[in-house]
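Note sheet for the following structure.
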Amino acid sequence: LPSLLCGSEGTLGIVTAARLRLVAAHQYTVTALVGFTDVEAAVDAAIHWRASLDVLDALEIVLGDGVALVASAFGYPLPFEQSCAAYVLVEASAHDDPMDRLGGVVADATNVVDVAVASDGTRRAALWRYREEHTAAIGTVGVPHKFDVTVPLALLATFLADVPGVVRSAVPDARTWLFGHVGDGNIHVNVTGVPASAPDLDDRVLAYVASLGGSISAEHGIGTAKAPWLHLCRSADEIETMRAIKRALDPDGVLNPNVLFG
């Protein structure tokens, strides 16, 4: 039953109690911001680090234009003297110092422009701000039209390179900002300069995601906004099975109505 409820977005049941297991916090945490000459090298490095680091806590990607916007919006210096096409923020923690393990895999990466490493809270926070303040910085440009999607890691670099063109095919004057969780292929696509009516934008972006074998939703779910595109990543039989389960567990349709199926 827990596996059935997980991801059902509240349409099948309500959590009334939960049992938590607590584990001891790690004593050491190390954060590195690694700049790359190109997006493909950044994605390749992240995939390798995910596979080889058993102390990995975070693996985030941001692009050069987004980092420049964050720096300009909030008066921060750019991370490095030389500009980078992409940056990967990688963080590791353990009960023993993971600095050598993290440093070893970073040293093996190719097309690296520069690296900044921090182990104390203040300096680690200074590196994290280039990722965490993307949303606020984009808000200074305009109200963004947002997508939260996932694509297979093998096609992530292709997606990052091509999706701005897909956006422009629907809204020629739009600007696309890309950042997200490179460890699982979850990218936040924020688009500024979108007019009040842009009916083709959602269709084109989500269809492109689906064409790569990706998911039209990642951590934010389908909800009501993405229900019209559920067919892009679920077959007709799968959707009917989902409806049948919904009818069986919630025949009166009182649990989170209109979510997933519209």
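These figures come from a predicted structure and were not determined experimentally. Index from 1, following the sequence.
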Practice task
Treat each ILVMFWY residue as a node, draw an edge where side-chain heavy atoms are under 4.5 Å apart, and state whether Tyr208 and Ile187 are in one component.
Solution key: yes
Exercise for the section: Kindly work out whether a path of hydrophobic side-chain contacts (I/L/V/M/F/W/Y, heavy atoms less than 4.5 Å apart) joins Trp177 to Leu63. Expected result: no
Handout entry: Cluster overlap Leu212 with Val167, hydrophobic side-chain contacts below 4.5 Å
Key = yes
Problem - Closest approach of Ala73 to Ala137 (non-hydrogen atoms, all atoms of both residues) - result: CB-CB, 4.1 Å
Handout entry: Spacing of OG belonging to Ser52 relative to CZ belonging to Arg101, to within rounding of 0.5 Å
Key = 11.5 Å
Practice task
Indicate, with yes or no, if Val191 and Leu69 share a hydrophobic cluster defined by side-chain heavy-atom contacts under 4.5 Å among Ile, Leu, Val, Met, Phe, Trp and Tyr.
Solution key: no
Exercise for the section: Check whether any side-chain heavy atom of Leu249 lies under 4.5 Å from a side-chain heavy atom of Leu4, and answer yes or no. Expected result: yes
Exercise for the section: Would you please test Ile222 and Val259 for side chain to side chain contact (heavy atoms under 4.5 Å, CB included) and show each step? Expected result: CA-CA 7 Å; Ile222 297 294; Val259 168; 5.9 Å; no
Handout entry: Cluster overlap Leu53 with Tyr87, hydrophobic side-chain contacts below 4.5 Å
Key = no
Problem - Nearest heavy-atom neighbours spanning Glu40 and Ala157 - result: CA-CB, 3.9 Å
Exercise for the section: Go through the structure and list residues passing ring-ring contact (aromatic ring centres under 6.0 Å, His included) with His231, not counting sequence neighbours. Expected result: none
Problem - Test side-chain contact (heavy atoms from CB on, under 4.5 Å) applied to Leu127 and Val117, Leu89, Val90, the passing residue - result: Leu89
Handout entry: Nearest atoms (heavy-atom pairs only) where Ala42 meets Val88
Key = O-CG2, 3.7 Å
Exercise for the section: Give the minimum heavy-atom separation between Pro257 and Gly253, together with the two atoms involved. Expected result: CB-O, 3.7 Å
Completion exercise
Residue pairs meeting side-chain hydrogen bond (donor to acceptor under 3.5 Å, both in side chains), one or both in residues 213-223, sequence neighbours left out, come to His181-Glu219, His188-Glu219
Practice task
Look at the side chain of Asn190 and the backbone N and O of Pro144, then say whether any donor-acceptor pair between them is shorter than 3.5 Å.
Solution key: no
Problem - Arg204 (side chain) donor-acceptor with Ser169 (main chain) under 3.5 angstrom - result: yes
Practice task
Could you go through the side chain to side chain contact (heavy atoms under 4.5 Å, CB included) check for Lys146 and Thr135 one step at a time?
Solution key: CA-CA 10 Å; Lys146 298 183 178 184; Thr135 298; 3.9 Å; yes
Problem - Residue that, paired with Leu160, satisfies side-chain contact (heavy atoms from CB on, under 4.5 Å) out of Val151, Val182, Val43, Thr176 - result: Val43
Handout entry: Test item: Asp120 side-chain N/O and Thr122 main-chain N/O as donor-acceptor pair under 3.5 Å
Key = yes
Fill in the blank from the handout: Interatomic distance, CG@Asp173 vs CZ@Arg168, rounded to 0.5 Å, equals 10.5 Å
Exercise for the section: Measure the CG-SG distance between Leu1 and Cys6 for me, rounded to the nearest 0.5 Å. Expected result: 11.5 Å
Handout entry: cation_pi(Arg129, Phe74) dist<6.0 Å, angle<=45
Key = no
Exercise for the section: Please tell me if the side chains of Val34 and Val112 come closer than 4.5 Å, counting only heavy atoms from C-beta onward. Expected result: yes
Practice task
Check whether any side-chain N or O of Asn111 sits under 3.5 Å from a backbone N or O of Phe36 as a donor-acceptor pair, and report yes or no.
Solution key: no
Handout entry: Arg50 side-chain N/O to Gly183 backbone N/O, donor-acceptor pair under 3.5 Å
Key = yes
Exercise for the section: Report yes if the side chains of Ser119 and Tyr28 come closer than 4.5 Å at any heavy-atom pair, otherwise no. Expected result: no
Practice task
May I ask you to check whether Thr29 and Arg124 show a side-chain donor-acceptor distance below 3.5 Å?
Solution key: no
Practice task
Calculate, to the nearest 0.5 Å, the distance between atoms CG and CD1 belonging to Leu255 and Ile14 respectively.
Solution key: 5.0 Å
Handout entry: Check: Leu102 and Val55 side chains under 4.5 Å, non-hydrogen atoms
Key = no
Practice task
Give a yes or no on this: more than 12 heavy atoms of other residues, nucleotides or ligands lie within 6.0 Å of atom CD of Glu133.
Solution key: yes
Exercise for the section: Work out which heavy atom in Val149 is nearest to a heavy atom in Asn186; give both atom names and the distance. Expected result: O-ND2, 2.9 Å
Problem - Pairs where residues 117-146 contributes a residue and the test ring-ring contact (aromatic ring centres under 6.0 Å, His included) is met, not counting sequence neighbours - result: His134-Phe179, His145-Phe147
Exercise for the section: Decide yes or no for Met242 and Lys246: does some side-chain heavy atom of the first lie under 4.5 Å from some side-chain heavy atom of the second? Expected result: no
Fill in the blank from the handout: Correct closest heavy-atom pair for Cys233 and Gly214 would be CB-O, 4.3 Å
Completion exercise
So OG of Ser72 and CG of Leu78: to nearest 0.5 Å the spacing works out to 9.0 Å
Practice task
Among Thr224, Thr11, Leu12, Asp250, find the one that has a side-chain contact (heavy atoms from CB on, under 4.5 Å) with Asn256.
Solution key: Thr11
Practice task
State, yes or no, whether a side-chain contact exists between Val163 and Phe159 at a heavy-atom distance under 4.5 Å.
Solution key: yes
Exercise for the section: Please examine the side chains of Glu238 and Leu230, heavy atoms only from C-beta on, and report whether any two atoms are closer than 4.5 Å. Expected result: no
Problem - Distance, nearest 0.5 Å, that separates CD1 of Ile216 from CG of Leu232 - result: 6.0 Å
Problem - Flag side-chain contact, heavy atom, 4.5 Å: Leu33 against Val115 - result: no
